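Notes for the one structure printed next.
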Amino acid sequence: GFDLFYTNTYSSKSNYYLLKRGIENKYDALISFDATPYNYTPIDRDTDYNNYQMPLVRGVNSSDHMVAYQSYETESAISHLYANHVSYCIAEEIDPLSFVEIENNTYRMISIDMSIISDSISVVVDFIYSTSIVGCGSVSYELGSKILSSSDEGIYVFYRPFPSDSITISNSTGHDLDVFAYEQSGLPHVIPVNKPPDVNLYSNIPGYDGVKKHNEKNRIFEITVELYSIDEGFNPDAVYVPGELYCQLQSTRGE
C-alpha cells in the first residue's frame, strides 16, 4: 500500500509499504519506504534531494544519437577564402589583403537543420564560413548527417571557439527535438543563437543549462525493515495491526 501526501508537490505518494506474512510460520515482515525525510531542508542538514531536478545521463555515441565534432574545418576555410580573395585581386589587378586580415574578418555560422525525408527525421550539421571582404565568397563544411530512428535521439555538436560565431537551428519535422551544443574551451563564450521554440537547446554557452534534467519527484526514500511476531488474528482486508516488534533495521544516508 501507500500513503497519499497531497501537500507534496513532487509526488502524490510519500510512503510505500510492503507486507510479507507468515515467514517460516513465525514472523511478519513490514518494509516501509518514506520519502519525506528527503523533501525538506532542516537547519542542521541538507537532505532535500527529492527537490532536485536530476540530470538525464546517457551515452553519447553515433549509433544512438547524431554526433558532430569539429576537426580541420576552420583552417581549411580560411585558406579557401584567402585563395579566392587572392585570385580575385590578381584578376582585378589590386593588392590583396593579408591572410590574417581575412581570418580576422571571417564569420562562422554553425547550422543545424532538421527536416523530414521519407517519413524519417534527417539532421545535417554544417559549418558555414563567410566574410564581407571582396572576392572571398563563402565555404561550407558538413560536420555530419544522420537519419534519426526517433525524436528521442539527441543531436550533439562539439566545436572549438571562433572569434565570430553564431548558431542557427531550423526544425521542420513537427517534433520537439533536443540539441546539445558544447564549446570545447575552458571559458565558453556568449554567441548569438537563433532557434525555434520546438527545439530544446542544452549547452555550456552562458545562459543555457548544460544538461537535460528530469522534473522533481520522490526518488530517494528512507527504508525501514521491521520484523514482528505472527498475528494469527490478522484480517487481510483490515488495516494491518502488527504483533510484537522483534527487531528493526533502518537505512542510513552515506556521506
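In this text, all values refer to a predicted model and were calculated from it rather than measured experimentally. Start at 1 with the first residue, then count along the sequence.
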Note, Ile112 side chain near Val179 side chain (heavy atom, < 4.5 Å): yes
Shortest non-hydrogen contact from Ile205 toward Ile167: CD1-CD1, 3.7 Å
Tyr228 and Tyr246 aromatic centres sub-6.0 Å: no
Heavy-atom closest contact (Cys89 atom, Pro96 atom, distance): SG-CA, 3.6 Å
Flag side-chain contact, heavy atom, 4.5 Å: Asp34 against Phe221: no
Non-hydrogen side-chain atoms of Leu245 and Glu226 separated by less than 4.5 Å: yes
Over all atoms of both residues, closest heavy-atom pair of Val123 and Met66: CG1-CG, 3.9 Å
Spacing of CZ belonging to Phe180 relative to CG belonging to Asn200, to within rounding of 0.5 Å: 8.5 Å
4.5 Å side-chain heavy-atom contact, Asn84 and Ser87: no
Gln53 side chain to His214 side chain, donor-acceptor N/O pair below 3.5 angstrom: no
Nearest-0.5 Å distance, SG of residue Cys136 to CG of residue Asn105: 8.5 Å
Any donor-acceptor N or O pair under 3.5 Å, side chains Asp113, Ser170: yes
Partner set under side chain to side chain contact (heavy atoms under 4.5 Å, CB included) for Ile117, not counting sequence neighbours: Ser115, Ser122
Minimum heavy-atom distance between Ala77 and Val139, given as atom pair plus value: CB-CG1, 3.7 Å
Closest approach of Glu101 to Ile133 (non-hydrogen atoms, all atoms of both residues): O-CD1, 3.9 Å
Distance-only donor-acceptor check, side chains Ser251 and Glu222, under 3.5 Å: no
Charged N-O contact under 4.0 Å between Asp178 and Lys212: yes
Phe99/Tyr82 aromatic ring centres below 6.0 Å: yes
Nearest heavy-atom neighbours spanning Val211 and Pro55: CG2-CB, 4.0 Å
Separation of Asn218 CG from Thr36 OG1 (nearest 0.5 Å): 8.5 Å
Arg219 charged N/C atom sitting above Tyr49 aromatic ring, 6.0 Å / 45°: no
Polar contact flag, side-chain donor to acceptor under 3.5 angstrom, Glu73-Ser71: yes
